[in-house]
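Worksheet: one structure, shown below.
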Amino acid sequence: WLVIAVGLVRAYLAKGSYHSLYYSIEKPLKFFQTGALLEILHCALGIVPSSVVLTAFQVMSRVFLTWAVTHSVKEVQTEDSVLLFVVAWTITEIIRYSFYTFSLLNHLPYLIKWARYTLFIVLYPMGVSGELLTIYAALPFVRQSGLYSISLPNKYNFSFDYYTFLILVMISYIPIFPQLYFHMLHQRRKVLSHTEERKKSE
(Lines give C-alpha, C1' and ligand atoms only; values in the text may rest on other atoms or scores of the structure.)
Protein backbone atom coordinates (compact mmCIF):
# COMPACT_ATOMS: atom_id res chain seq x y z
CA TRP A 1 0.00 0.00 0.00
CA LEU A 2 2.97 2.29 0.48
CA VAL A 3 3.89 1.50 -3.14
CA ILE A 4 0.42 2.72 -4.18
CA ALA A 5 0.77 5.88 -2.05
CA VAL A 6 4.17 6.70 -3.59
CA GLY A 7 2.78 6.00 -7.07
CA LEU A 8 -0.10 8.41 -6.51
CA VAL A 9 2.20 11.17 -5.23
CA ARG A 10 4.72 10.72 -8.08
CA ALA A 11 1.95 10.74 -10.70
CA TYR A 12 0.39 13.85 -9.17
CA LEU A 13 3.73 15.69 -9.14
CA ALA A 14 4.43 14.65 -12.73
CA LYS A 15 1.00 15.61 -14.08
CA GLY A 16 0.24 18.54 -11.81
CA SER A 17 -3.33 17.29 -11.57
CA TYR A 18 -5.22 14.74 -9.49
CA HIS A 19 -7.49 13.75 -12.39
CA SER A 20 -7.07 10.24 -13.84
CA LEU A 21 -4.36 9.19 -11.37
CA TYR A 22 -5.95 5.72 -11.29
CA TYR A 23 -3.89 4.57 -14.27
CA SER A 24 -0.64 5.20 -12.40
CA ILE A 25 -1.52 2.67 -9.66
CA GLU A 26 -3.94 0.32 -11.47
CA LYS A 27 -1.69 -2.77 -11.47
CA PRO A 28 -0.45 -2.62 -7.84
CA LEU A 29 -4.00 -1.81 -6.66
CA LYS A 30 -5.38 -4.91 -8.36
CA PHE A 31 -2.53 -7.06 -7.02
CA PHE A 32 -2.60 -5.94 -3.39
CA GLN A 33 -6.37 -5.65 -3.08
CA THR A 34 -6.88 -9.13 -4.53
CA GLY A 35 -4.17 -10.43 -2.18
CA ALA A 36 -6.27 -9.16 0.73
CA LEU A 37 -8.54 -12.18 0.18
CA LEU A 38 -5.99 -14.04 2.30
CA GLU A 39 -7.16 -11.96 5.26
CA ILE A 40 -10.49 -13.81 5.24
CA LEU A 41 -8.58 -17.10 5.44
CA HIS A 42 -6.41 -15.76 8.27
CA CYS A 43 -9.53 -14.87 10.27
CA ALA A 44 -11.13 -18.25 9.57
CA LEU A 45 -7.99 -20.09 10.73
CA GLY A 46 -7.69 -17.94 13.86
CA ILE A 47 -4.34 -16.44 12.89
CA VAL A 48 -5.85 -13.02 13.59
CA PRO A 49 -8.73 -12.37 16.03
CA SER A 50 -10.86 -10.25 13.67
CA SER A 51 -14.44 -11.21 12.75
CA VAL A 52 -14.65 -13.44 9.67
CA VAL A 53 -17.98 -11.91 8.60
CA LEU A 54 -16.87 -8.27 8.91
CA THR A 55 -13.52 -8.96 7.27
CA ALA A 56 -15.16 -10.91 4.43
CA PHE A 57 -17.62 -8.09 3.73
CA GLN A 58 -14.95 -5.39 3.71
CA VAL A 59 -12.49 -7.35 1.58
CA MET A 60 -15.06 -8.72 -0.88
CA SER A 61 -16.66 -5.29 -1.37
CA ARG A 62 -13.27 -3.84 -2.23
CA VAL A 63 -12.36 -6.70 -4.58
CA PHE A 64 -15.77 -6.27 -6.21
CA LEU A 65 -15.17 -2.53 -6.69
CA THR A 66 -11.70 -3.18 -8.07
CA TRP A 67 -12.57 -5.87 -10.62
CA ALA A 68 -16.33 -5.97 -11.26
CA VAL A 69 -16.78 -2.20 -11.45
CA THR A 70 -13.60 -0.17 -12.00
CA HIS A 71 -11.77 -2.76 -14.13
CA SER A 72 -14.87 -3.90 -16.04
CA VAL A 73 -16.36 -0.48 -16.78
CA LYS A 74 -13.44 1.40 -18.35
CA GLU A 75 -15.45 4.62 -18.59
CA VAL A 76 -15.44 5.15 -14.82
CA GLN A 77 -11.67 4.93 -14.47
CA THR A 78 -11.34 8.67 -15.08
CA GLU A 79 -13.94 9.53 -12.43
CA ASP A 80 -12.64 11.49 -9.40
CA SER A 81 -14.70 9.17 -7.19
CA VAL A 82 -12.24 6.35 -7.99
CA LEU A 83 -9.40 8.42 -6.58
CA LEU A 84 -11.57 9.14 -3.53
CA PHE A 85 -11.86 5.48 -2.51
CA VAL A 86 -8.31 4.60 -3.59
CA VAL A 87 -6.83 7.33 -1.33
CA ALA A 88 -9.11 6.31 1.55
CA TRP A 89 -8.16 2.63 1.18
CA THR A 90 -4.45 3.42 0.87
CA ILE A 91 -4.20 5.60 4.00
CA THR A 92 -6.38 3.17 5.96
CA GLU A 93 -4.26 0.14 5.03
CA ILE A 94 -0.91 1.83 5.66
CA ILE A 95 -2.10 2.74 9.17
CA ARG A 96 -3.68 -0.67 9.79
CA TYR A 97 -0.67 -2.72 8.71
CA SER A 98 1.66 -0.40 10.67
CA PHE A 99 -0.54 -1.05 13.69
CA TYR A 100 -0.29 -4.82 13.20
CA THR A 101 3.48 -4.71 12.61
CA PHE A 102 4.30 -2.67 15.73
CA SER A 103 1.88 -4.78 17.78
CA LEU A 104 3.75 -7.95 16.75
CA LEU A 105 7.00 -6.27 17.76
CA ASN A 106 5.44 -5.39 21.16
CA HIS A 107 6.31 -1.74 20.58
CA LEU A 108 3.15 0.09 19.52
CA PRO A 109 3.50 3.90 19.48
CA TYR A 110 0.43 5.68 20.81
CA LEU A 111 0.27 7.84 17.66
CA ILE A 112 -0.26 4.78 15.45
CA LYS A 113 -2.85 3.35 17.83
CA TRP A 114 -4.64 6.72 17.90
CA ALA A 115 -4.54 6.98 14.09
CA ARG A 116 -5.85 3.40 13.73
CA TYR A 117 -8.89 4.15 15.88
CA THR A 118 -9.51 7.79 14.90
CA LEU A 119 -8.80 8.54 11.23
CA PHE A 120 -11.43 6.02 10.13
CA ILE A 121 -14.01 8.60 11.28
CA VAL A 122 -13.17 10.55 8.10
CA LEU A 123 -11.62 7.85 5.89
CA TYR A 124 -14.48 5.34 6.15
CA PRO A 125 -17.23 7.72 4.91
CA MET A 126 -14.77 9.02 2.31
CA GLY A 127 -14.14 5.53 0.96
CA VAL A 128 -17.81 4.55 0.99
CA SER A 129 -18.75 7.77 -0.81
CA GLY A 130 -16.14 7.06 -3.50
CA GLU A 131 -17.38 3.49 -3.90
CA LEU A 132 -21.04 4.48 -4.21
CA LEU A 133 -20.33 7.34 -6.61
CA THR A 134 -18.23 5.04 -8.79
CA ILE A 135 -20.95 2.39 -8.95
CA TYR A 136 -23.49 5.10 -9.74
CA ALA A 137 -21.27 6.42 -12.54
CA ALA A 138 -21.01 2.89 -13.97
CA LEU A 139 -24.78 2.30 -14.13
CA PRO A 140 -25.54 3.94 -17.51
CA PHE A 141 -22.63 2.14 -19.20
CA VAL A 142 -23.67 -1.20 -17.69
CA ARG A 143 -27.25 -0.69 -18.85
CA GLN A 144 -26.18 0.29 -22.35
CA SER A 145 -23.70 -2.57 -22.83
CA GLY A 146 -25.61 -5.29 -20.96
CA LEU A 147 -22.39 -6.11 -19.11
CA TYR A 148 -22.50 -9.46 -17.24
CA SER A 149 -26.25 -9.70 -17.84
CA ILE A 150 -27.96 -12.91 -18.94
CA SER A 151 -31.30 -12.68 -20.70
CA LEU A 152 -34.00 -15.22 -21.39
CA PRO A 153 -34.56 -17.45 -23.21
CA ASN A 154 -31.53 -19.67 -22.64
CA LYS A 155 -30.97 -23.37 -22.00
CA TYR A 156 -30.54 -22.79 -18.25
CA ASN A 157 -33.83 -20.88 -17.99
CA PHE A 158 -32.01 -18.28 -15.90
CA SER A 159 -31.70 -14.52 -16.17
CA PHE A 160 -29.47 -11.99 -14.45
CA ASP A 161 -29.48 -8.22 -14.73
CA TYR A 162 -26.15 -6.75 -13.61
CA TYR A 163 -27.61 -3.22 -13.69
CA THR A 164 -30.23 -4.17 -11.09
CA PHE A 165 -27.63 -6.08 -9.11
CA LEU A 166 -25.44 -2.95 -8.83
CA ILE A 167 -28.43 -0.96 -7.57
CA LEU A 168 -29.04 -3.63 -4.93
CA VAL A 169 -25.37 -3.47 -3.95
CA MET A 170 -25.71 0.29 -3.44
CA ILE A 171 -28.86 -0.20 -1.34
CA SER A 172 -27.06 -2.82 0.79
CA TYR A 173 -24.71 -0.08 2.03
CA ILE A 174 -27.65 1.52 3.90
CA PRO A 175 -27.98 -1.18 6.61
CA ILE A 176 -24.38 -2.44 6.55
CA PHE A 177 -22.32 0.77 6.65
CA PRO A 178 -23.80 2.10 9.95
CA GLN A 179 -23.19 -1.28 11.64
CA LEU A 180 -19.52 -1.33 10.65
CA TYR A 181 -19.06 2.35 11.45
CA PHE A 182 -20.60 2.14 14.93
CA HIS A 183 -18.66 -1.06 15.58
CA MET A 184 -15.44 0.87 14.94
CA LEU A 185 -16.62 3.76 17.15
CA HIS A 186 -17.28 1.25 19.93
CA GLN A 187 -13.82 -0.25 19.44
CA ARG A 188 -12.30 3.24 19.53
CA ARG A 189 -13.93 4.09 22.87
CA LYS A 190 -12.87 0.77 24.34
CA VAL A 191 -9.25 0.80 23.15
CA LEU A 192 -8.39 4.48 23.62
CA SER A 193 -10.16 4.84 26.97
CA HIS A 194 -8.28 1.77 28.21
CA THR A 195 -5.00 3.35 27.09
CA GLU A 196 -5.82 6.63 28.81
CA GLU A 197 -6.72 4.83 32.07
CA ARG A 198 -3.45 2.90 31.96
CA LYS A 199 -1.46 6.12 31.43
CA LYS A 200 -3.15 7.73 34.41
CA SER A 201 -2.47 4.72 36.64
CA GLU A 202 1.21 4.89 35.70
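Atoms considered below: every heavy atom in the structure, side chains included; atoms not considered: hydrogens, waters and symmetry mates.
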To the nearest 0.5 Å, tell me how far [X] [atom1] sits from [Y] [atom2].
X	Y	atom1	atom2	answer
E131	L65	CD	CG	4.5 Å
K113	L111	NZ	CG	12.5 Å
L45	H42	CG	NE2	7.5 Å
I176	L54	CD1	CG	10.0 Å
F141	Y163	CZ	OH	12.5 Å
T70	R62	OG1	CZ	12.5 Å

Identify which one of Y110, F120, Y117 satisfies the ring-ring contact (aromatic ring centres under 6.0 Å, His included) criterion when paired with F99.
->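 That would be Y117; it is the only one of Y110, F120, Y117 passing the ring-ring contact (aromatic ring centres under 6.0 Å, His included) with F99.
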Sequence neighbours left out, what passes ring-ring contact (aromatic ring centres under 6.0 Å, His included) with H71? Give chain and number order.
->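 H71 satisfies ring-ring contact (aromatic ring centres under 6.0 Å, His included) with W67 once adjacent residues are dropped.
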Are the side chains of [X] and [Y] in touch, meaning some heavy atoms are under 4.5 Å apart?
X	Y	answer
V82	Q77	no
Y22	L83	no
I112	L108	yes
L180	F57	yes
V69	L166	yes
F158	I150	yes
V76	I135	no
R188	W114	yes

Where [X] and [Y] come nearest, the two heavy atoms and their spacing:
X	Y	result
C43	S51	SG-O, 4.2 Å
S24	L21	OG-O, 2.5 Å
S151	N154	O-ND2, 3.0 Å
A5	T90	CB-CG2, 3.7 Å
N157	L152	C-CD2, 3.6 Å
T134	G130	OG1-O, 2.7 Å

Take atom [atom1] in [X]; do more than 12 heavy atoms of anything else shown fall under 6.0 Å from it?
X	atom1	value
Y181	OH	yes
F182	CZ	no
F31	CZ	no
Y124	OH	yes

Might you work through the side-chain contact (heavy atoms from CB on, under 4.5 Å) test for I4 and E93, ending with a clear yes or no?
-> CA-CA 11 Å; I4 294 173; E93 295 308 288; over 6 Å; no
T55 side chain to V52 backbone, donor-acceptor under 3.5 Å =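 Flag not set: sc T55 to bb V52 has no pair under 3.5 Å.
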So, does S193 use its side chain to make a donor-acceptor pair with the main chain of K190 at under 3.5 Å?
->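 Flag set: sc S193 to bb K190 pair under 3.5 Å.
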Only pairs at least two apart or in different chains count here, so list each salt bridge (Lys or Arg N to Asp or Glu O under 4.0 Å) that has a residue in [range].
range	value
residues 175-184	none
residues 70-84	none
residues 176-186	none
residues 168-183	none

Pair V87-M126, side-chain contact (heavy atoms from CB on, under 4.5 Å): steps then yes or no | CA-CA 9 Å; V87 169; M126 177 180 162; 3.7 Å; yes
Do [X] and [Y] sit in the same hydrophobic cluster, where Ile, Leu, Val, Met, Phe, Trp and Tyr count as joined when their side-chain heavy atoms come under 4.5 Å apart?
X	Y	answer
Y173	V122	no
L2	L13	yes
V59	V53	no
V73	F165	yes
I94	I121	yes

Which residues share a side-chain contact (heavy atoms from CB on, under 4.5 Å) with M60, sequence neighbours left out |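 Scan of M60 (side-chain contact (heavy atoms from CB on, under 4.5 Å), adjacent residues dropped) gives L37, I40.
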Measure the acute angle between the ring planes of F160 and Y162, then classify it against the limits of 30° and 60° as parallel, tilted or perpendicular.
->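 The arrangement is tilted - the two ring planes meet at 30° to 60°.
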Quick one: side-chain hydrogen bond (donor to acceptor under 3.5 Å, both in side chains) pairs with a partner in residues 1-13, sequence neighbours left out?
-> none
Going by the rule side-chain hydrogen bond (donor to acceptor under 3.5 Å, both in side chains), which residues pair with [X] if we only count those two or more places apart in sequence or in a different chain?
X	answer
E39	R96, Y97
K15	none
S159	none
Q33	none

In terms of side-chain heavy atoms, does Y148 have a donor or acceptor partner in S72 at a distance below 3.5 Å?
-> yes
Which residue pairs pass the ring pair (Phe, Tyr, Trp, His ring centres under 6.0 Å) test when at least one of the two sits in residues 74-95, sequence neighbours left out?
-> F85-W89
